[in-house]
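Okay, structure first, notes after.
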Amino acid sequence: MPSAPKPSLKQPLSTFSFEAIGTAWTIEFYEPLIDPSDLRVLIDARIEQFDRTYSRFRADSLVSHIAKSVGTYQFPDDADLLFEFYKRLYHATDGLMTPLIGSVMVEAGYDAAYSLQPGQLHQPPAWTEAMVFNNGTLTTNQPILLDFGAAGKGYLIDILGALLKQYGITQYCIDAGGDILSRGNQKLHIGLEHPDNIGQVIGVAELHNSSICGSAGNRRTWAQFHHTINPVTLQSPTHIKALWTTADSAMLADGLATALYFTEPARLKQSFAFEYAIFYEDYSLDHSPGLTAKFFERTA
Amino acid sequence: MSAESAQRQKTLVIVTVLAVVVIAAAVAFYQRSKTSDSTVTSTPSQSSNINSSTSTQSNSTNDATAEYADGTYEATGNYRSPGGAESVDVSLTIVDGVITESTVMPSGNNRESKEYQSQFVSNYKQYVVGKELADLTLSRVSGSSLTPLGFNQAVDAIRSQAQS
């Protein structure tokens, strides 16, 4: 059969590519940029500010500072939304999704030096036992290592989106290592990567003015762990091979992508507006009816 | 592929789909008759309505690999339950011989039927396979986050230690 011509997708007019916060970024612009180098400086500075606050992988961050001693710490203005979202996720997952997972990740070997040598793991403390966050101020009752790995990147994507908007840019796509926020008129076709074979996809999602985030245990994998560890069982969940979420903001999509490892989608749907696809260990797929995606089905 | 053989193959797909629906309906029916101790002996009668035909149709003439013509196939399986006539809608989309999309919509009339049908729908598992990136036109790909160089180097170092 003569293969039909592939549909052409809207092409960006310019692209920024760089590495930051431990992953590869691509920002595509579907409108002309007036001063790209000026914009690039602003983006880099904003990422640096975020990283200096929330990264547990750098010694000079606020989070690393907090881990050293009990006390009261002032966060920047952007912290309120992030803490509030984590608190909601914490409740919706019965405490399984917690920013206090940092110490567990380090014990498992996922530390700033990537030692990747698991030691003895200990359950993290309960939120209310360990800390109080109120109006930008965090008071800790014991030494804690915060980890914003589950929703922090999504939040940073949203922050950069807001920065672009301030700059007058409305047609763009920010891709941070596969977590994507697209704003504007363009419709994008996002391949959903096969976790067993990164040269393949199991489906294609259509993204229009929203965010899609993916999560799978195939890349950040060491010993018996991957990037997500259950704070009660102290093991990485294995029943899910990969999953994707779409939502209006990247923070929402990113955070829910981790929450779905711990909590049934129906329950999370009660608290958050999102769509999902879950690719289970047995190669079966479950997705919400509202997800705009097609999947390649096994026929036999 | 002649229009006639395309039609024949389309019918084949619909028959297959209907068979699935009818089997599911029969299972649900059987379970119901077991639990309610009723003395239903006959299998549910069924008839089929074919609601719509293909929405898109490839005009290939010599494709040996595609078993079914591209398009969206929809069918309704009708059956009779003790509660009355019921139906289940099934839709399949076929592209290059692969089912790319399928939905099973319960449309039960009474509460019990709705329950059995939604049980069927939730047990109807969709299994997916990978398709080569080269065969698709995509804007971007989403999966697990790309890893930093440091992480990859650490993994490589541990792997080579383990091998030495």
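Letters go in sequence order (proteins before strands), and every chain restarts at 1.
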Answer yes when [X] and [Y] have at least one side-chain N-carboxylate O distance shorter than 4.0 Å, and no when they do not.
X	Y	result
A:Lys153	A:Asp254	no
A:Asp51	A:Arg58	yes
A:Glu28	A:Lys10	no
A:Glu193	B:Arg140	no

Exercise for review: Tell me, out of A:Asp175, A:Ile180, A:Asp286, A:Asn197, who's got the most heavy-atom pairs with chain B below 4.5 Å.
Suggested key: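 Most heavy-atom pairs under 4.5 Å with chain B: A:Asp175.
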Check your understanding: Any idea which of A:Leu207, A:Val201, A:Leu188 has the most non-hydrogen atom pairs under 4.5 angstrom with chain B?
Key ->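 The option with the most such pairs is A:Val201.
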So what's closer than 4.5 Å to chain B heavy atoms on [X]: side chain, backbone, both or neither?
X	value
A:Asp282	both
A:Ser182	neither
A:Leu243	neither
A:Phe279	side chain
A:Cys173	side chain
A:Ser284	both

Practice item. Check step by step if ring-ring contact (aromatic ring centres under 6.0 Å, His included) holds for B:Tyr127 and A:Phe295. Key: CA-CA 9 Å; B:Tyr127 288 89; A:Phe295 295 92; over 10 Å; no
Point to revise | Exercise: do A:Tyr283 and A:Asp196 side chains pair donor with acceptor under 3.5 Å | key: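 Looking only at side-chain atoms, A:Asp196 and A:Tyr283 do form a donor-acceptor pair, the distance falling under 3.5 Å.
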